[in-house]
Structure formats: structure tokens, C-alpha cells
Amino acid sequence: MTAETLELKKKLDETIPYLSEKQLYLIFSIAEAFVLSQQQETQKHEEKLHPKNPKYGGRRISDEIAAMFLTGPENHDTDEEVDEKIWEYIKEKYK
């Protein structure tokens with residue numbers, strides 16, 4: 001979770017005790033609808049990424065490899081982490 005998400009969660013936690021049961025149910029229904037729509041969008045996107053019979057060079061490949069060919073490898077590093085890794089590499093190379 002990001003800092004902004006944690007801050008929002010904290011504000012919700014502080015507000016919940018002051019809501020009625022009906023208001024809580026309404027908020028829960030809205031949140032559940034958002035989650036379901038997000039899951040459906042994710043499933044549709046994943047179905048488009050995975051071919052039904054993936055082959056590469058005449059050989060069968062896994063769905064994960066096929067998805068990597070279509071979208072590229074996943075990279076979860078931030079710009080700062082990448083800069084730090086580059087800096088460490090350069091320091092080691094030119095010791």
C-alpha cells in the first residue's frame with residue numbers, strides 16, 4: 001500500500017464508528033461493486049494476454065512466457081531503486 005492509501009484507510013477507520021448500520025451497508029455495497037468490476041477488468045485483460053495454444057519456434061511455451069513476450073517482463077523497481085543499482089554497479093566496476 002502507498003502512503004496515500006494508508007492515510008485514506010486511517011481516515012476511514014476513524015470515521016466508521018460514527019456511521020449507522022445502514023450507512024455502513026451502503027458503503028460496503030459500493031466498495032464491493034468496485035472490487036468486482038476491477039476483478040472483471042483484470043480477468044478480461046489476462047484473457048487477451050494469454051494465447052490459447054502458445055508456441056515459440058515450433059515449441060510449446062507456458063502461459064507466463066507467452067505473456068512476457070506480449071507485455072515484457074514485470075519490473076517493480078522504482079526510479080530511485082534503479083538509480084541506486086546503477087550507481088552501485090558503476091562504483092564496483094571502477095574501483
Side-chain angles (χ1 to χ4, degrees):
M1 288 186 166
T2 64
E4 293 173 352
T5 306
L6 290 173
E7 188 66 30
L8 285 171
K9 185 180 180 311
K10 182 180 175 185
K11 288 179 183 179
L12 274 172
D13 289 341
E14 292 170 356
T15 308
I16 285 176
Y18 302 105
L19 299 174
S20 69
E21 184 178 345
K22 188 175 182 180
Q23 291 169 328
L24 286 171
Y25 182 74
L26 181 62
I27 290 172
F28 176 74
S29 299
I30 293 169
E32 191 175 41
F34 279 127
V35 169
L36 289 174
S37 68
Q38 182 64 32
Q39 288 175 346
Q40 290 172 352
E41 288 177 15
T42 303
Q43 288 174 350
K44 288 178 184 176
H45 182 68
E46 287 177 355
E47 288 173 2
K48 290 179 184 177
L49 293 179
H50 297 290
K52 298 293 182 196
N53 191 10
K55 289 187 178 182
Y56 181 76
R59 293 180 297 173
R60 190 177 283 276
I61 58 175
S62 69
D63 289 341
E64 292 81 17
I65 300 298
M68 190 179 78
F69 280 131
L70 293 172
T71 62
E74 291 183 16
N75 188 356
H76 299 289
D77 294 337
T78 63
D79 291 342
E80 292 81 15
E81 290 172 333
V82 171
D83 289 341
E84 183 64 30
K85 288 178 183 179
I86 291 171
W87 179 247
E88 291 296 323
Y89 171 77
I90 290 172
K91 285 194 317 190
E92 286 295 317
K93 184 175 181 180
Y94 295 107
K95 258 187 180 178

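The basis for the numbers below is simple: all heavy atoms, side chains too, and nothing from hydrogens, waters or symmetry mates.
A chain of hydrophobic side-chain contacts below 4.5 Å, direct or via other Ile, Leu, Val, Met, Phe, Trp or Tyr residues, connects Tyr94 to Tyr89. Leu26 and Tyr18 are assigned to two separate hydrophobic clusters, defined by single-linkage of ILVMFWY side chains at heavy-atom distances under 4.5 Å. Cluster membership check: Ile16 shares its hydrophobic cluster with Ile27, using side-chain heavy-atom separations under 4.5 Å among Ile, Leu, Val, Met, Phe, Trp and Tyr.
Counting heavy atoms from C-beta outward, Phe34 and Ile30 have side chains that approach closer than 4.5 Å.
For Glu14, the CD atom is densely surrounded, since the number of other residues' heavy atoms within 6.0 Å is greater than 12. Heavy-atom neighbours of Lys93 NZ from other residues, nucleotides or ligands within 6.0 Å: at or below the threshold of 12.
Paired with Glu7 under the rule side-chain contact (heavy atoms from CB on, under 4.5 Å), one option of Glu4, Lys11, Lys9 passes, and it is Lys11.
To the nearest 0.5 Å, the span separating CG on Leu8 from OG1 on Thr2 amounts to 8.0 Å. Atoms CD and CD, from Glu81 and Glu84 in turn, are 9.5 Å apart once rounded to the nearest 0.5 Å.
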